[in-house]
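So that we are looking at the same thing, I have put the structure below in structure tokens.
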Amino acid sequence: ELFRSMLLPLSKKTIIASLRPEPTFEIYSGTKLSGVLSVDSRFYANTYAAALEWESTMAQDLIPFLNPWYERNLLQALSGRAFKDERYQNFDIRTLSDSAGNSVLAYGFLNKKTLLIAGNRDTLVAQLIARSTTGS
């Protein structure tokens with residue numbers, strides 16, 4: 001319900017129709033604690049397009065619970081910052097960094113059916129690698 005309520009303001013609501021309603025939330029305790037949201041996609045192309053559309057508010061919507069240690073007063077400064085495309089091994093990912101160059105949010109697809117969103121780039125990469133080798 002929380003996830004759906006965050007997505008409802010999106011103008012086209014494409015992402016709502018493209019996602020399965022059971023996202024999972026985990027805490028990753030690698031080098032830095034970070035939340036990881038895993039969402040199953042019904043329609044890869046729609047989910048990817050909707051994620052791109054969502055980028056304008058994704059930081060404000062997700063950082064508070066994926067990267068809760070990020071100071072709330074710094075969220076405003078992220079407004080208008082663009083996500084950047086990156087390639088890591090076989091994964092295309094998109095990352096958002098603050099003005100100091102710190103990754104504060106990242107997302108990518110494990111496969112055409114699973115979207116992962118994490119509180120930083122390192123967590124996303126670690127999860128993509130771990131899940132691709134275990135097949136989950």
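Just so it is clear, the model here is predicted, and its values are computed rather than measured. Starting from 1, each residue takes its place in the sequence as its number.
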Would you please test Arg94 and Leu52 for side-chain contact (heavy atoms from CB on, under 4.5 Å) and show each step? CA-CA 9 Å; Arg94 295 194 43 88; Leu52 290 172; 3.4 Å; yes

When you look at CG of Asp85, are more than 12 heavy atoms from neighbouring residues, nucleotides or ligands closer to it than 6.0 Å?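 Yes, because the 6.0 Å sphere around CG of Asp85 holds more than 12 heavy atoms from other groups.
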
Which heavy-atom pair separates Leu96 from Ala59 by the least distance, and what is that distance?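 Scanning both residues, the minimum pair turns out to be CD2-CB, 3.6 Å.
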
Where do Gly108 and Leu124 come nearest, in terms of heavy atoms and distance?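 Looking at all heavy atoms of both residues, the closest pair is N-CD2, 3.8 Å.
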
If you look at every heavy atom in Ile63 and Leu78, which pair is closest and at what distance?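 What the structure gives for the nearest pair is CD1-CD1, 3.5 Å.
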
Distance from Thr47 atom OG1 to Asp40 atom CG, nearest 0.5 Å?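 Nearest 0.5 Å value for the OG1-CG distance: 10.0 Å.
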
Quick one: sort the Phe109 and Tyr44 rings into parallel, tilted or perpendicular, breaks at 30° and 60°.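 The arrangement is perpendicular - the two ring planes meet at more than 60°.
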
What are the two closest non-hydrogen atoms of Thr114 and Ser38, and how far apart are they?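 Looking at all heavy atoms of both residues, the closest pair is CG2-OG, 3.6 Å.
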
If we only count heavy atoms from C-beta on, is the Leu128 to Gln89 side-chain gap below 4.5 Å?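 No, side chains not in contact.
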
Any side-chain heavy atom of Tyr70 within less than 4.5 Å of one from Asn102?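 In short, these two side chains do not touch, never coming nearer than 4.5 Å.
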
Can you see which heavy atom on Ala118 is nearest to which on Thr123, and at what distance?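 Closest pair (atom of Ala118, atom of Thr123, distance): CB-CG2, 3.9 Å.
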
Could you check whether any side-chain heavy atom of Ser97 comes within less than 4.5 Å of a side-chain heavy atom of Arg121, counting everything from C-beta outward?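 In short, these two side chains do not touch, never coming nearer than 4.5 Å.
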
Compare every heavy atom of Leu75 with every heavy atom of Pro64, then report the nearest pair and how far apart it is.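 The answer is CG-CD1, 4.1 Å.
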
Hey, which of Val36, Ile117, Val104, Asn120 is the one that makes side-chain contact (heavy atoms from CB on, under 4.5 Å) with Leu66?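 When side-chain contact (heavy atoms from CB on, under 4.5 Å) is applied between Leu66 and each of Val36, Ile117, Val104, Asn120, only Ile117 qualifies.
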
Could you tell me which residues satisfy side chain to side chain donor-acceptor pair (under 3.5 Å) with Asn73, sequence neighbours excluded, listed by chain and number?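 Scan of Asn73 (side chain to side chain donor-acceptor pair (under 3.5 Å), adjacent residues dropped) gives none.
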
Going by the salt bridge (charged side-chain N to carboxylate O under 4.0 Å, His left out) test, which pairs reach into residues 63-83, not counting sequence neighbours?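 Counting only pairs at least two positions apart or across chains, no salt bridge (charged side-chain N to carboxylate O under 4.0 Å, His left out) contact touches residues 63-83.
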
Leu105 versus Asn67: any side-chain heavy-atom pair under 4.5 Å?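 No, side chains not in contact.
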
Could you tell me if the side chain of Tyr88 sits less than 4.5 Å from the side chain of Ile129, heavy atoms only?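 Yes; the side chains approach each other to less than 4.5 Å.
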
ring-ring contact (aromatic ring centres under 6.0 Å, His included) partners of Phe83, counting only residues at least two apart: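 In terms of ring-ring contact (aromatic ring centres under 6.0 Å, His included), with neighbours along the sequence ignored, Phe83 is linked to Tyr107.
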
Return the CG to OG distance between Asn111 and Ser132, rounded to the nearest 0.5 Å.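 Rounded to the nearest 0.5 Å, the CG-OG separation comes to 10.0 Å.
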
Do the side chains of Asp122 and Ser34 get nearer than 4.5 Å, heavy atoms only?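 They are not in contact (no side-chain heavy atoms under 4.5 Å apart), so the answer is no.
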
Given side chains that start at C-beta, do those of Leu62 and Trp54 come closer than 4.5 Å, heavy atoms only?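 Leu62 reaches Trp54 side chain to side chain.
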
